[in-house]
There are 2 protein chains.
Amino acid sequence: MNITIADIAKIAGVAKSTVSRYLNGGSVSDTTRLKIEQVIKETGYIPNSFAQSLKAKKTSIIGVIVPRLDSFSVAQTVTGMEEELRENGYQMLIINTNQDLSREIEALYDLARQKISGIVLLATQITDFHLAAIKEIGIPVIFHGQQHPDVHSIIYNDYAAGYEIGRYILSKGHNRIAYLGVTEQDVAVGVERKCGFQKALKEQSGATAQFYESGFKVAAAVEAASTILDGSGQRPTAIVCATDSIALGVMKAAHMKEWRIPEDLSVTGIGGYDVTEVIHPGLTTVKYQYAAGGRLAARHIIKLVHDERVDRLTVLQCELIERESVDNKSIHRLY
Amino acid sequence: MNITIADIAKIAGVAKSTVSRYLNGGSVSDTTRLKIEQVIKETGYIPNSFAQSLKAKKTSIIGVIVPRLDSFSVAQTVTGMEEELRENGYQMLIINTNQDLSREIEALYDLARQKISGIVLLATQITDFHLAAIKEIGIPVIFHGQQHPDVHSIIYNDYAAGYEIGRYILSKGHNRIAYLGVTEQDVAVGVERKCGFQKALKEQSGATAQFYESGFKVAAAVEAASTILDGSGQRPTAIVCATDSIALGVMKAAHMKEWRIPEDLSVTGIGGYDVTEVIHPGLTTVKYQYAAGGRLAARHIIKLVHDERVDRLTVLQCELIERESVDNKSIHRLY
DNA sequence: CTGAAAGCGCTTACAG
DNA sequence: CTGAAAGCGCTTACAG
């Protein structure tokens with residue numbers, strides 16, 4: 001393992017620079033090429049990429065900072081990103097911050113120290129510390145999932161997603177709706193989706209909604225939903241959820257109370273996780289193309305690394321998927 | 001960004017070696033320390049980790065080779081691994097091979113070239129090429145999920161999992177059972193689990209089972225299950241599935257045909273994915289501690305990197321979780 | 001405590 | 001086509 005280019009050169013009876021030239025596709029005579037090739041094969045020589053990078057002053061590694069790995073959206077995004085990166089000769093270094101914002105900042109500096117070529121940050125919140133770090137490290141960074149005017153960003157159209165799902169649920173005649181969202185600190189998921197929904201609500205005279213908040217995990221949603229369903233006031237006919245995970249939690253809470261879906265309660269999600277298609281009843285939701293989003297982020301960061309122009313902001317569209325979790329209240333039932 | 005230790009030294013009026021010593025916690029006088037600290041702060045100096053690694057001849061990066069990222073088990077495993085690695089000052093470089101075995105071999109060499117300290121391979125199949133590569137690169141490698149006597153391995157007790165689930169389903173009075181497994185090329189999932197199940201079967205006189213094979217994905221399982229359920233022969237009262245994903249597919253197929261679970265068909269999985277708890281009815285399965293397995297793999301690879309002793313083979317136990325997807329045929333129903 | 005010098009393994013002009 | 005030499009940015013004995 002400790003064979004260096006000098007060893008190869010000595011054994012092959014040539015100069016180091018010749019070996020290096022061979023390695024990098026420079027012109028070498030057939031005889032020396034054959035000789036070098038053989039020695040490399042015999043010795044099992046593997047170039048030391050540090051030394052290479054030390055000269056080249058960069059790696060072909062893209063850093064990806066994620067808040068967690070065990071989430072459908074992140075896993076899909078990262079999968080798409082990895083494929084695109086690999087196809088373009090880049091590797092992916094994943095840093096999982098476990099939802100710790102300060103760790104995101106650290107990660108930014110860490111990656112810079114390692115002369116990563118570029119960074120994609122799957123953001124949940126953007127703070128001044130983020131912006132300061134990005135400015136200081138001076139390597140290309142892309143936000144994915146959240147946006148900021150100073151940084152290249154790729155987002156999903158969360159506002160449209162909320163709006164579509166709102167229009168849909170209202171078109172089905174629901175007017176006692178509970179909206180189960182998440183913290184407003186998450187602009188994309190907590191604010192945009194809700195605002196989109198509210199816009200739909202405003203357009204429909206006579207419709208009202210109650211707004212609630214849940215954590216991101218299924219267990220938190222189960223709890224939040226139980227509170228809503230046990231509520232003393234008017235019971236909602238539908239719960240609109242900011243994410244599919246939350247919708248899953250709501251469905252579970254409903255099952256536990258033996259409410260039927262959609263007869264007793266309609267439920268919608270946002271995200272389009274695979275599992276929403278598999279469960280019964282299938283969940284009506286808005287599908288996000290996470291893998292495609294990941295690929296796009298990869299393509300953009302590669303362009304930035306090559307100093308090519310990239311749109312400051314890219315908005316990815318999404319699509320309503322109608323399944324069986326919403327009851328139609330606007331037609332008269334036969335029985 | 002191009003500030004080097006030499007710049008710091010010049011500005012601070014000291015030698016490079018002094019700066020280096022400061023950086024590495026060597027003894028420096030208070031005055032020079034203060035001076036250096038200030039210059040570093042002013043310039044925003046970030047050490048070049050290539051140069052560092054070039055001397056140190058190693059990184060603190062562990063490579064993790066995975067067949068895919070968008071799977072519950074992989075995501076959990078990797079999450080656990082990343083936490084343990086980070087807590088010990090290591091970073092994780094993930095390579096996703098997208099189920100392509102030859103890419104696993106490439107990845108092994110790639111990682112070696114980058115002087116990764118160690119490698120964890122989430123294996124599905126082990127070939128001679130793997131073994132040859134591992135021998136050649138000469139850095140520590142751990143198999144996770146599959147075993148081989150020549151390589152440090154961490155596996156789950158797949159045989160016991162199959163056995164437990166077999167005993168359980170038999171104890172519930174099922175005797176027309178379909179076992180829906182996967183390719184035997186995957187020793188852990190395709191062979192071990194099935195053999196465990198078969199052992200349970202042999203111990204119970206009069207019980208028989210039909211064996212079928214499915215792909216790993218839900219969609220493949222839906223198809224396989226449809227074939228079983230439409231079969232001309234005796235219909236099974238239970239389908240035992242080699243993974244939770246397959247069980248999810250079976251449940252979906254059953255719903256599509258309006259078979260009730262568990263009344264018309266019992267279903268079991270193996271894996272213990274989060275979603276199996278959330279769906280209705282809850283899936284009876286065998287829970288694998290994926291995150292803990294990932295942490296353990298991380299701990300082991302770190303030990304190997306430090307030349308410490310590690311058991312050649314570690315077998316992780318798992319636990320039956322009884323939920324609502326299995327009917328009890330051995331009691332007389334009241335109606 | 002501090003500094004000059006050599007070296008980690010590679011690449012890159014520059015001569016020949 | 002080939003080789004000698006300098007240099008990438010850092011660390012590490014070795015003197016002082």
Side-chain angles (χ1 to χ4, degrees), chain A residues 1-37 39-40 43-61 109-117 137-139, chain B residues 1-37 39-40 43-61 109-117 137-139:
Chain A
M1 273 315 297
N2 289 321
I3 305 148
T4 74
I5 209 171
D7 299 321
I8 304 294
K10 197 186 300 174
I11 300 175
V14 298
K16 289 191 320 181
S17 36
T18 307
V19 179
S20 175
R21 220 174 297 118
Y22 161 79
L23 253 20
N24 293 291
S27 48
V28 186
S29 75
D30 280 4
T31 29
T32 54
R33 180 165 51 69
L34 255 33
K35 205 155 206 167
I36 293 174
E37 263 165 11
V39 175
I40 287 182
T43 55
Y45 167 70
I46 297 179
N48 179 327
S49 66
F50 296 141
Q52 294 180 149
S53 304
L54 182 56
K55 290 295 295 189
K57 296 202 176 185
K58 64 162 192 107
T59 55
S60 48
I61 297 180
Y109 289 109
D110 262 18
L111 292 172
R113 189 164 340 113
Q114 295 177 70
K115 296 290 180 285
I116 294 291
S117 298
I137 62 179
I139 59 184
Chain B
M1 273 314 300
N2 288 322
I3 306 149
T4 74
I5 209 171
D7 300 322
I8 304 294
K10 197 185 300 173
I11 301 176
V14 297
K16 289 191 321 182
S17 36
T18 306
V19 179
S20 175
R21 220 174 297 117
Y22 162 78
L23 253 19
N24 293 290
S27 50
V28 186
S29 76
D30 280 3
T31 27
T32 53
R33 180 165 51 69
L34 257 32
K35 206 157 205 167
I36 293 174
E37 263 166 8
V39 175
I40 287 183
T43 54
Y45 167 70
I46 297 179
N48 179 328
S49 66
F50 295 140
Q52 295 181 147
S53 304
L54 183 55
K55 290 295 294 189
K57 295 205 174 180
K58 64 162 192 106
T59 54
S60 48
I61 297 181
Y109 289 110
D110 262 17
L111 292 173
R113 189 166 339 113
Q114 294 176 69
K115 296 288 180 285
I116 295 289
S117 298
I137 60 178
I139 59 183

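Note: hydrogens, waters and symmetry copies are ignored here, and every other heavy atom, side chains too, is used.
DNA chain D forms stems at C:1-3 with D:14-16, C:5-12 with D:5-12, C:14-16 with D:1-3, each a run of 3 or more consecutive Watson-Crick or G-U wobble pairs whose two key distances fall under 3.5 Å.
Separation of atoms OG1 (T32(B)) and OH (Y22(B)) is listed at 10.0 Å; rounding is to 0.5 Å. In this structure, L54(A) CG and L54(B) CG are separated by 6.0 Å, a value rounded to the nearest 0.5 Å.
For the pair A51(B) and A15(B), both in contact range of DNA chain C, the more 5′-proximal nearest nucleotide belongs to A15(B). When each of G13(B) and L54(B) is assigned the nucleotide of DNA chain C with its nearest heavy atom, G13(B) is the one assigned upstream, toward the 5' end.
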Walk me through whether T4(A) and N48(A) qualify under side-chain contact (heavy atoms from CB on, under 4.5 Å). CA-CA 8 Å; T4(A) 74; N48(A) 179 327; over 6 Å; no
Taking it one step at a time, do I5(A) and L23(A) satisfy side-chain contact (heavy atoms from CB on, under 4.5 Å)? CA-CA 10 Å; I5(A) 209 171; L23(A) 253 20; 4.0 Å; yes
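Running 5' to 3' along DNA chain C, contacts with non-hydrogen atoms of chain B at under 4.0 Å begin and end at dC1(C) to dG9(C).
Note on Y22(B): nothing from the nucleic acid sits closer than 4.0 angstrom, heavy atoms only. Using a 4.0 Å heavy-atom cutoff across all strands shown, S29(B) reaches sugar-phosphate atoms only and no base atom. At a threshold of 4.0 angstrom between heavy atoms, the contacts of S53(B) with the nucleic acid are absent. Using a 4.0 Å heavy-atom criterion, one finds that T4(B) contacts the sugar-phosphate atoms exclusively.
Sorted by first then second residue, the salt bridge (Lys or Arg N to Asp or Glu O under 4.0 Å) pairs that include residues 6-32 of chain A, not counting sequence neighbours, are D30(A)-R33(A).
Residue A112(B) comes nearest to I46(A) through the heavy atom pair CB-CD1, 4.0 Å, listed as atom of the first residue, atom of the second, then distance. When all heavy atoms of A15(A) and A9(A) are compared, the pair lying nearest together is C-CB, 3.7 Å.
If you run side-chain contact (heavy atoms from CB on, under 4.5 Å) between I36(A) and each of V39(A), I40(A), L34(A), only I40(A) comes through.
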